[in-house]
Amino acid sequence: MIIYKLLYAIVIFSFLYIIMASICDYHDSNQKKLKTHYVPLLQTFMMDNTNYSKFKQAYNESSLNMIEEPSYCIESDTLKLLHPDILLEDKYIVRELDRGNLQREIIKKRMFDSIQNLSPLNRLEPQTKFQHRVPPQLSYFYTYKPRLQDNYYLGQGLGCMFQKFNHIPGLYSLASKNSLIYNYAKYIYDMKMRNVSKQCIQNASYVPHTLRLNVKQECQQFFKKLTQLQNDYKNNVKMYNGPEYLLKTDEHRGEGIRLLFQSQMENITEVYQNGEKCGNITEKIVAQKYINRPFLYKGHKIEFRIYIYLASSNPLQLYVYRRALIKRCANEYNPLSEQIPAHICNTAVTEKTHKNQTNQGEGGLESEDEEMFIDWNLEGIEELLIEQGRISKKQRWLQEYLYPRIYSKIIHTIRSGQYSFYKDSRFSEFLAIDFLLDYELDIWLLEINYNPQILSVTPDRIKRNYKMIEDTVEIAFAYLKSKYKRIKEFIQQELYNYKHSGNRIRQVDFKNKFGNKFNQLLEDTSIEQEFSISPDNLYTHIIDESKSGKDKYFNLIEEECL
């Protein structure tokens, strides 16, 4: 009896061994096919069809002290094709700026921080060059540093089929104040040339009247207006009621902003010799009409920040976060006040002001945080307007007036600058847009913030920011997972079954037979049903350029305005 049981066990073990050996052989065979033939074939095609003309091409340099390996993408893509859980179940992300960076903290707690000790290189040479080897599991480059593509061979050392970048090459044309105004002027001019209606142009107007002082004609126009204002004030034709213009440079965090108070007009006039030097001074300064009747909250000027996520630049996919950050200026608003914190609500300016006040004994840290940020969303503005009797509850002002205008202005802004974007579904971008609401309840775009700060000033804001980052990453991975599924099916259904020269496909045969289809797969940004965005995700989809006509913009812009 024991012998029979032993023989039975041997038979079962042998059977299982044969099955396991067959599975391992099949796995090894697939791995060999993928690594030595199919993945290199797809990577070569991707590189042959990638336009590097916009990149710096500094491949001999190091970025974030990460090494470039020519075979990296083959290893990374093969590993993910053989082990789907790496992409479909897990989130491998790389983020630098460890100290005090909330995004990094969120990744460490909720996801997989792919390179634990990653930090930007100092100006001094690192002790160990190419210290970090990029893990092949990595799926999302969520970096602060914007130009990784300049330092690595895209599609070979980084930027594989199943990876996504958090920065779009060329997008700086939106974040630069001077370029933003150039884009706007050209965009409105093109609309006028197409003879679109005045209503379309009015709806597309997203910045106050602005002139660039490095453009001779606009510079002369500005000083002509300034001379007229000075004469009107002098002759009592017009009463001075605060600055008419403010000057901006491309600096951020409140730097480079000057309000043209009456006492300061002579200074700028002297520098430009009342317009005589227009065309000779090349510094990029813009003069923007100052909104001196803003909407006030408890006597203070406020701005609201809207976060957006460009999930792909080809075709363009844009999401807007439904929670806004309300920023309150530090000092009470008075148009005649020459105190900058009464006029500029930038976080850096407000923080500095509150720290100075705290040092003088005017409040503690808790009151500072409460004053700096108002922890209610745009619904709070609607409630305030209802309390003031300026709108009624029946109006649905927020849903039917404010949000559609915010979305429309964001769409026009992105459209005006997308000519400079590098077109590739692997690239994405997280941005913040600052708006001002004036007393007449019109909204104006102030600036676009590249690499926006995500602050942890209050427990409630930390909780909200955790949710926002997780929602952003969910969208990024929904696109990645969907692409992964389609490309994997393409390999299994098309390439595995294609017979040529001993089950191998030459590059020229692949290009002729499968090139168009593979290109479509690379540019397909549809989200598969099984990877749909969760219902509690707080992003709203407002641009999908894989659609046609006004459906691209979810009917937020009329067909005649496009």
Side-chain angles (χ1 to χ4, degrees), residues 20-47 50 63-64 66-95 107 111-118 130-143 148-149 152-166 424-428 473 476-496 503-505 510 514 518 521-522 524 528 530-531:
M20 291 301 296
S22 299
I23 292 172
C24 289
D25 287 344
Y26 177 76
H27 185 274
D28 290 343
S29 175
N30 272 355
Q31 185 175 26
K32 187 176 181 181
K33 283 182 181 179
L34 286 167
K35 195 165 185 177
T36 61
H37 186 50
Y38 295 116
V39 173
L41 185 76
L42 302 183
Q43 292 292 351
T44 302
F45 181 85
M46 286 175 66
M47 287 188 288
T50 297
S63 178
L64 301 178
M66 298 189 299
I67 188 171
E68 177 187 23
E69 299 174 290
S71 61
Y72 171 74
C73 278
I74 294 173
E75 181 183 358
S76 177
D77 290 336
T78 302
L79 186 67
K80 289 166 185 166
L81 286 166
L82 291 170
H83 301 283
D85 285 359
I86 291 172
L87 183 59
L88 300 184
E89 300 296 330
D90 303 327
K91 293 181 176 70
Y92 287 91
I93 303 175
V94 65
R95 176 77 180 182
I107 290 164
M111 304 160 204
F112 290 97
D113 188 11
S114 293
I115 305 178
Q116 293 288 333
N117 60 341
L118 180 65
F130 305 125
Q131 181 181 355
H132 308 296
R133 184 180 186 273
V134 184
Q137 299 96 326
L138 180 59
S139 299
Y140 193 21
F141 286 89
Y142 187 62
T143 63
L148 283 176
Q149 70 281 351
Y152 300 94
Y153 200 87
L154 192 65
Q156 181 175 320
L158 290 177
C160 313
M161 281 188 291
F162 309 126
Q163 288 181 337
K164 203 161 188 67
F165 287 90
N166 186 47
D424 195 306
S425 63
R426 286 172 289 182
F427 292 105
S428 60
V473 172
F477 274 85
Y479 282 100
L480 269 175
K481 292 173 185 179
S482 299
K483 179 195 279 189
Y484 173 85
K485 178 185 176 182
R486 290 187 288 265
I487 289 179
K488 186 169 184 177
E489 287 176 352
F490 167 72
I491 292 172
Q492 291 173 334
Q493 296 171 9
E494 303 283 354
L495 300 190
Y496 276 3
N503 202 31
R504 293 183 65 85
I505 311 172
F510 176 84
F514 300 110
F518 185 58
L521 291 174
L522 293 175
D524 187 352
E528 299 289 327
E530 62 195 278
F531 307 126

Q | side chain to side chain contact (heavy atoms under 4.5 Å, CB included) evaluation trace for Tyr479 with Ser425 | A | CA-CA 9 Å; Tyr479 282 100; Ser425 63; over 6 Å; no
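In this structure, Leu522 and Asp424 have side chains that are not in contact, with every pair of non-hydrogen atoms separated by 4.5 Å or more. Looking only at side-chain heavy atoms (C-beta outward), Leu154 and Met46 stay at 4.5 Å or farther from each other. Within the 4.5 Å cutoff, no side-chain heavy atoms of Tyr140 are placed close to those of Ile107. Counting heavy atoms from C-beta outward, His132 and Asn117 have side chains that approach closer than 4.5 Å. With contacts defined as side-chain heavy-atom distances shorter than 4.5 Å, the pair Leu138/Phe112 does not qualify. The side-chain heavy atoms of Thr50 and Arg426, taken from C-beta on, include a pair separated by under 4.5 Å.
Between Leu34 and the options Leu42, Thr78, Leu41, Asp77, a side chain to side chain contact (heavy atoms under 4.5 Å, CB included) holds for only Thr78.
Here the closest heavy-atom approach between residue Ser139 and residue Phe477 is recorded as CB-CE2, 3.7 Å. Between Leu148 and Phe141 the shortest heavy-atom distance is CD1-CD2, 3.8 Å. Minimum interatomic distance between Lys483 and Phe162 (heavy atoms only, all atoms of both residues): O-CE2, 4.5 Å. Residues Leu81 and Lys488 approach most closely at O-NZ, 3.1 Å, considering heavy atoms.
Remark: Arg486 CZ to Glu528 CD distance equals 5.0 Å, nearest 0.5 Å. In this structure, CD in Gln43 is found 9.0 Å from CD in Gln156, a value given to the nearest 0.5 Å.
With salt bridges taken as basic N to acidic carboxylate O contacts below 4.0 Å, none links Glu530 and Lys481.
Not counting sequence neighbours, the partners of Phe490 by the ring-ring contact (aromatic ring centres under 6.0 Å, His included) test are Phe514, Phe518.
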Extract all donor-acceptor atom pairs below 3.5 Å that involve side chains of residues 69-76 and protein atoms in other chains or at least two apart in sequence.
from  : atom 1 : to     : atom 2 : distance (Å)
Glu69 : OE1    : Arg133 : NE     : 3.0
Glu69 : OE1    : Arg133 : NH2    : 3.4
Glu69 : OE2    : Arg133 : NE     : 3.3
Tyr72 : OH     : Pro135 : O      : 2.8
Tyr72 : OH     : Gln163 : NE2    : 3.0
Glu75 : OE1    : Arg133 : NH2    : 2.8
Ser76 : OG     : Lys80  : NZ     : 3.3
Ser76 : OG     : Pro136 : O      : 2.7

Cut-off 3.5 Å, no hydrogens considered: what does the side-chain donor-acceptor table look like for residues 84-95, sequence neighbours left out?
from  : atom 1 : to     : atom 2 : distance (Å)
Arg95 : NE     : Asn101 : OD1    : 3.2
Arg95 : NH1    : Tyr142 : O      : 3.2

